[in-house]
Amino acid sequence: MSLKVYNSLSRKKEDFKSITEGHVGMYVCGPTVSGESHLGHARPYVTFDVIHRYLIYLNYKVRYVRNITDAGHFEEEGREAEDKIAKKALLERLEPMELVQKYTNLFHWAMNEFNTIPPSIEPTATGHIVEQIVMIEKIIKAGYAYEANGSVYFDVEKYNTDFSQIGMPYGILSGRNLEDQLDTTRELDNQEEKRNKADFALWKNAPPEHIMRWPSPWGEGFPGWHIECSAMSNKYLGEQFDIHGGGMDLQFPHHECEIAQSAVCNHKTMAKYWIHNNMITINGRKMGKSYNNVIKLSEMFTGEHPLLEQAYHPMTIRFFILQSHYRSTLDFGNEALKGSEKAMKRLWEAYQVLLKLDENQDTQAVVLEGEENIDAKVNTLLAEFDEFMNDDFNTAKVLASMFELVPIINGIQDKHIPLNVLKTETLSLLKHKLKVYIEDIFGLKQEKQGGDKLESVLKLLISLRKEAKSKKDFVTSDKIRNELTNLGVLLKDDKSGETTYTIQ
RNA sequence: GGUUCUGUGGCCGAGUGGCUAGGCUGAGCUCUGCAAAAGCUCCUACAGCGGUUCGAAUCCGCUCGGAACCUCCA
């Protein structure tokens, strides 16, 4: 079975076939670095990280481009009120590139915490002003943009009229028609420069106080938001590439505008497959600045936020995201996150147990009735991993299958189930497939905490406790265990008399 | 108002015409010196009302509720 992806453009699941065999070009809209990333931002970058990893698993050579939007009009978070005071003292304000750097660094830090593979190219809007200007000139020349007072606007109506004839009307992606929009678009500032309410800016004239500005054929100004993605994707991935991704909230107008701009320049839809992730919600509502309900990633990791009952590890959040399908909304909640934390732990521990199972150990054990089909069951579950991922990256189903394997693994460890119910090939396939899926595709990891020294110290304590236990000195043995528990080290006695530990 | 999506058990969340999703929580049991962990078993579902069908959580209609987009947004 081959990979199927849901294409927002056709609103159908389609067979994935890359434009160039063996290669995939993928562009994902990156963050606007005018503020710190919040939980909502984790969704697309984890989702597309998994897609990226899965494509690699399928042996594609992937060029993954994710931009940094660092141009436009920026206000630092929470600075708006201050701004009036600081207006005359420019030096007191953060230099725009300083601000951009600060939040870019924070973004990279968070992405690293999430164990995402960095994109192949991470272009910035400010680094591609020239490309954007060239593209705007091309659009003007083609007759689909006009200048007004040093700003340049895209002529949506003309585009729609002409490109509808070749099956690419404005609104093709979001499924809306232009007439509706003309009636419903809200009144905004500076609309008088536009010929039409639906037109959008390609270049904005910079008012004197605007700090970020670049010279252009139309005077000093800054690029519009949409043009950067068209310019940069075109530069690094060509006129048409395989996947364009981003949050569903970018579908309109951002991606719609991208399509229009690129279509004027290249006469084709820029991307073959459009993949959109759904939103993370909080109390059923999209997490977003304008709703005032954001929890920043740094707050998630430390637990310092009124809505958080505790800190959540980046891997817990990653797991949480993987437990749902990327096209469904995912509702934040402490209970849900705690559930993910436990589940992740359970899965990981079973995985560790599995890795230690020795395929050469006793083959004499008697396989009981009802156990002879376990081997087949394991093979079926493992085969389904690929099947589920191929069905539009259904990570939730893969995880469910993994959890069906967990009791089998633990059962073998506890010796309820003899190891030899699994064929040698099955066991090694199980190990291999879980490693590939858990670590390589899902990108889950768990740092070895404490290091070697702590490990030897704990081993010592464990052996002392074992000694005490053998003398039935439960006061001492319980003291060791309880004190360690207080320190966040949990001891577990397994069936064979061995004791293992986990650090919280 | 327009466009689109959605409503699953205490919580999160798969599924989408017939087959146990899964995780977390809760209850019981087994194991254990006691715990923890693990294993086993169980409970609580498909918003409501109609229709199509041999059969619907799944398709259709209506009602009610929720959301996203139409402004910056992941």
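Within every chain, numbering begins at 1; the chains are lettered A, B, ... in the order of the sequence lines, protein sequences first and strands thereafter. Small disclaimer: the values here were computed from a predicted structure and weren't measured.
B:U41 and B:G50 are spaced 39 Å apart, taking the C1' atom of each and rounding to whole Å. Nucleotides B:U4 and B:G39 have their P atoms positioned 47 Å apart, rounded to a whole Å. Distance noted for atom C1' between B:G7 and B:G18: 24 Å (whole Å). Annotation: B:U44 and B:U52 have their P atoms spaced 30 Å apart (nearest Å). Comparing the same atom, C1', in B:A27 and in B:G9 gives a spacing of 16 Å after rounding to whole Å. Comparing the same atom, C1', in B:U8 and in B:U58 gives a spacing of 11 Å after rounding to whole Å. A distance of about 34 Å separates the C1' atoms of B:U25 and B:U63, rounded to the whole Å. Taking atom P in both B:C54 and B:G10, one finds a spacing of 34 Å when rounded to whole Å.
Across all strands shown, nothing is found opposite B:U32 as a Watson-Crick or G-U wobble partner with both distances under 3.5 Å.
Across all strands, A:Lys397 comes closer than 4.0 Å only to sugar-phosphate atoms, never to a base (heavy-atom distances).
Between A:Asp49 atom CG and B:A74 atom P there is a gap of 18 Å when expressed in whole angstrom units.
The aromatic ring of A:Phe474 sits over the base of B:G33, with ring centres less than 5.5 Å apart and planes inclined by under 30°.
The phosphate of B:G39 has OP1 or OP2 within less than 4.0 Å of a side-chain N or O from A:Arg346. Between A:Asn394 and the phosphate of B:G15, there is a side-chain N or O to OP1/OP2 separation shorter than 4.0 Å. Contact annotation: A:Tyr291 side-chain N/O to B:A68 OP1/OP2 distance is under 4.0 Å.
Residue A:Arg481 places a side-chain atom within donor-acceptor reach of the base of B:C34, judged by atom type and a 3.5 Å distance cut-off alone.
A 4.5 Å side-chain heavy-atom check between A:Lys466 and A:Thr499 finds every atom pair outside the cut-off. Between A:Val294 and A:Leu39 the shortest side-chain heavy-atom distance does not fall below 4.5 Å.
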